[in-house]
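These notes are about the structure you will find just below.
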Amino acid sequence: MSSPADSIEIQNVVASTGIGQELDLEALAEDLPGADFNPDNFPGLVYRTQSPKAAALIFRSGKIVCTGAKSIDDVHEALGIIFEKLRDLTIPVEDDPEITVQNIVSSADLGHNLNLNALAIGLGLEDVEYEPEQFPGLVYRMDEPDVVILLFGSGKIVITGGKRTEDAQEAVEQIVERIEGLGLLS
Amino acid sequence: RLRKWQERIRTKDAGERNLQFALSEVDRMASALGVPRSVREVASVIYRRALNEDLIRGRSIEGVATAALYAACRQEGIPRSLDEVAEVSRVPQKEIGRTYRYISQELGLELKPVDPKQFVPRFASELGLSEEVQSKATEIIDVSAEQGLLSGKSPTGFAAAAIYAASLLCNEKKTQREVADVAQVTEVTIRNRYQEQIEAMGFR
DNA sequence: AAGTTACTTTATAAAGC
DNA sequence: GCTTTAAAAAGTAACTT
């Protein structure tokens with residue numbers, strides 16, 4: 001009894017936080033081995049953690065964006081490592097900076113091939129963007145939960161834009177119901 | 001008060017000039033693409049609607065004009081690929097696609113996905129292929145699309161493969177390179193689609 | 001012809017142009 | 001709008017071997 005919802009895998013979590021302290025990124029780039037800082041290109045300093053694997057964008061304001069983590073726990077772990085590294089450099093970091101999850105990207109498998117042409121019309125052309133000349137996936141914007149789903153001919157899907165783990169779960173249940181209702185889940 | 005008036009006239013003139021420019025660009029590109037006058041008229045209607053709905057703000061006039069023409073071709077059932085439209089526009093292909101998706105959404109054009117069959121007459125005649133090849137290609141497209149092979153595939157590549165297959169079946173062989181050139185896809189794409197299609201047709 | 005790499009789409013924060 | 005970062009999906013393209 002495998003349901004599509006059981007196939008959901010979180011692929012990427014984006015979160016933001018801040019240490020409540022201004023930073024000298026030039027100096028930080030020197031002191032942090034492996035840091036990438038090209039202010040001409042982008043105002044943030046890029047720092048990657050190995051385990052868990054993630055990338056952090058550190059800004060002059062002390063605000064930080066963490067991306068690439070595979071779970072919300074990994075986001076906290078990766079940022080924890082960065083906070084410690086900063087403290088090691090005698091940079092004062094708030095005791096427990098608030099971490100806000102901004103986006104979760106998940107993938108799932110509906111287990112059946114999809115006729116995207118029929119689906120585009122069935123879901124309603126007004127809510128759908130399907131331009132196979134430009135991209136093979138059908139883009140469906142869902143209202144509740146507020147996420148965007150990319151659907152492919154293979155039945156594999158991507159859910160993005162959600163902020164809670166449950167958003168992907170609900171989105172999959174909803175889209176399966178809608179596609180079944182259209183009789184298009186072969 | 002006089003200055004305000006002059007400003008109004010100036011902006012009105014500027015608006016008129018911009019509209020004139022956009023419509024003349026639509027005309028120029030339409031001629032280069034060889035699309036009928038009716039398509040140019042549809043394109044100018046779409047452009048004027050975009051203008052009235054204030055969709056041009058933050059976008060280039062030429063980009064919206066090109067996207068309007070691309071949309072008009074589709075609406076009239078004689079689509080051009082983004083590649084073909086980009087060739088006669090000074091706007092990059094990526095921007096044309098992005099602008100098309102935007103105005104299509106905002107104006108509620110609700111255009112159905114491009115049907116590969118719509119490319120068959122034009123590509124086939126450019127290759128000098130017979131009616132027989134065209135109807136065979138059309139049949140191949142119908143059969144393989146019905147078997148779900150079209151999902152996610154580029155309409156031009158799909159049409160190109162069917163034309164290539166049909167040219168073989170009708171003893172009017174064209175090389176993959178020749179077909180690839182008129183459809184502006186790679187031989188690799190034709191080969192991949194061709195293999196799936198002949199299998200769907202029960203040949204092999 | 002096969003293999004690799006890279007680009008297309010979606011969302012999202014950050015600071016600045 | 002753009003810049004950068006990450007990740008998935010599948011198609012297409014441009015290289016190299």
Side-chain angles (χ1 to χ4, degrees), chain A residues 7-18 23 25 36-49 52-71 74-75 78 99-110 113-114 116 129-142 146-163 167-168, chain B residues 57-60 63 81-83 93-95 97-99 101-102 150-158 160 176 180 183-193 196:
Chain A
S7 71
I8 297 174
E9 285 181 48
I10 293 179
Q11 300 291 353
N12 184 21
V13 177
V14 180
S16 60
T17 187
L23 292 167
L25 297 183
D36 288 342
F37 184 46
N38 302 91
D40 295 344
N41 251 285
F42 187 70
L45 178 154
V46 181
Y47 183 74
R48 293 173 170 80
T49 57
K53 194 183 161 205
L57 306 177
I58 305 174
F59 297 87
R60 198 187 56 237
S61 63
K63 291 188 176 175
I64 301 173
V65 171
C66 177
T67 184
K70 289 284 184 193
S71 70
D74 282 358
V75 166
I99 295 172
T100 309
V101 173
Q102 301 287 358
N103 184 29
I104 298 177
V105 182
S106 299
S107 60
D109 189 351
L110 301 185
N113 288 339
L114 296 171
L116 299 184
E129 205 173 273
Y130 175 49
E131 294 295 331
E133 190 186 344
Q134 301 177 59
F135 184 70
L138 183 156
V139 182
Y140 179 66
R141 284 159 210 281
M142 186 173 275
D146 189 6
V147 297
V148 172
I149 307 179
L150 308 181
L151 301 113
F152 297 85
S154 62
K156 301 267 185 67
I157 70 173
V158 170
I159 306 98
T160 187
K163 289 185 158 52
D167 288 341
Chain B
R57 209 172 278 179
R59 258 158 281 271
S60 72
S81 66
L82 281 177
D83 273 299
Q93 198 206 311
K94 193 172 162 179
E95 187 187 328
R98 206 176 284 156
T99 306
R101 278 181 265 135
Y102 178 70
L150 181 55
S151 288
K153 267 65 167 246
S154 132
T156 47
F158 209 80
Q176 293 178 358
Q184 298 200 267
V185 296
T186 62
E187 293 167 274
V188 177
T189 296
I190 292 190
R191 246 173 262 136
N192 291 337
R193 297 306 135 247
E196 297 171 351

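Naming: A, B, ... by sequence-line order, numbering from 1 per chain.
By the salt bridge (Lys or Arg N to Asp or Glu O under 4.0 Å) test, B/Glu187 is found to be paired with B/Arg177, residues two or more places apart in sequence or in another chain being considered. In this structure, the side chain to side chain donor-acceptor pair (under 3.5 Å) partners of B/Thr186, at least two apart in sequence or on a different chain, are B/Thr189. The side chain to side chain contact (heavy atoms under 4.5 Å, CB included) search around B/Asp83 returns B/Ser81, B/Gln93, B/Gln184, not counting sequence neighbours. Remark: B/Ser151 engages A/Asn115, A/Leu116 in a side chain to side chain contact (heavy atoms under 4.5 Å, CB included) (not counting sequence neighbours). Considering only residues two or more places apart in sequence or on other chains, A/Lys53 meets the side chain to side chain donor-acceptor pair (under 3.5 Å) condition with none of them. Contacts of B/Tyr102 classified as ring pair (Phe, Tyr, Trp, His ring centres under 6.0 Å), with partners at least two apart in sequence or in another chain: none. Applying the side chain to side chain donor-acceptor pair (under 3.5 Å) test to A/Ser154 and every residue at least two apart in sequence or in another chain returns nothing. Here A/Gln102 pairs with A/Ser16 under the side chain to side chain donor-acceptor pair (under 3.5 Å) rule; sequence neighbours left out.
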Expected list for residues 60-69 of chain A: side-chain donor-acceptor pairs under 3.5 angstrom, two or more places apart:
residue	atom	partner	partner atom	Å
A/Ser61	OG	A/Lys63	N	3.2

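A 3.5 Å limit on both hydrogen-bonding distances identifies D/dT12 as the Watson-Crick or G-U partner of C/dA6.
Residues A/Gly68 and B/Arg59 both approach DNA chain D. Their nearest nucleotides, taken by heavy-atom distance, put B/Arg59 toward the 5′ side.
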Might you list the N or O atoms of the protein lying below 3.5 Å from N or O atoms in nucleotides 1-10 of chain C, with each pair's distance?
residue	atom	partner	partner atom	Å
C/dT8	OP1	B/Lys94	NZ	2.8

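Along DNA chain D, read 5' to 3', the first and last nucleotides having any atom under 4.0 Å from a heavy atom of chain A are D/dT3 to D/dG11.
In summary, B/Arg98 and B/Glu95 do not engage in a salt bridge, as defined by a charged side-chain N under 4.0 Å from a carboxylate O.
Within 4.0 Å (heavy atoms only), B/Val185 reaches sugar-phosphate atoms of the nucleic acid but no base atom.
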Summarise how protein sits on nucleotides 12-17 of chain C as a single string, 5' to 3': B when a protein heavy atom is under 4.0 Å from the base, S for sugar-phosphate-only contact, - for no contact. BBBBS-
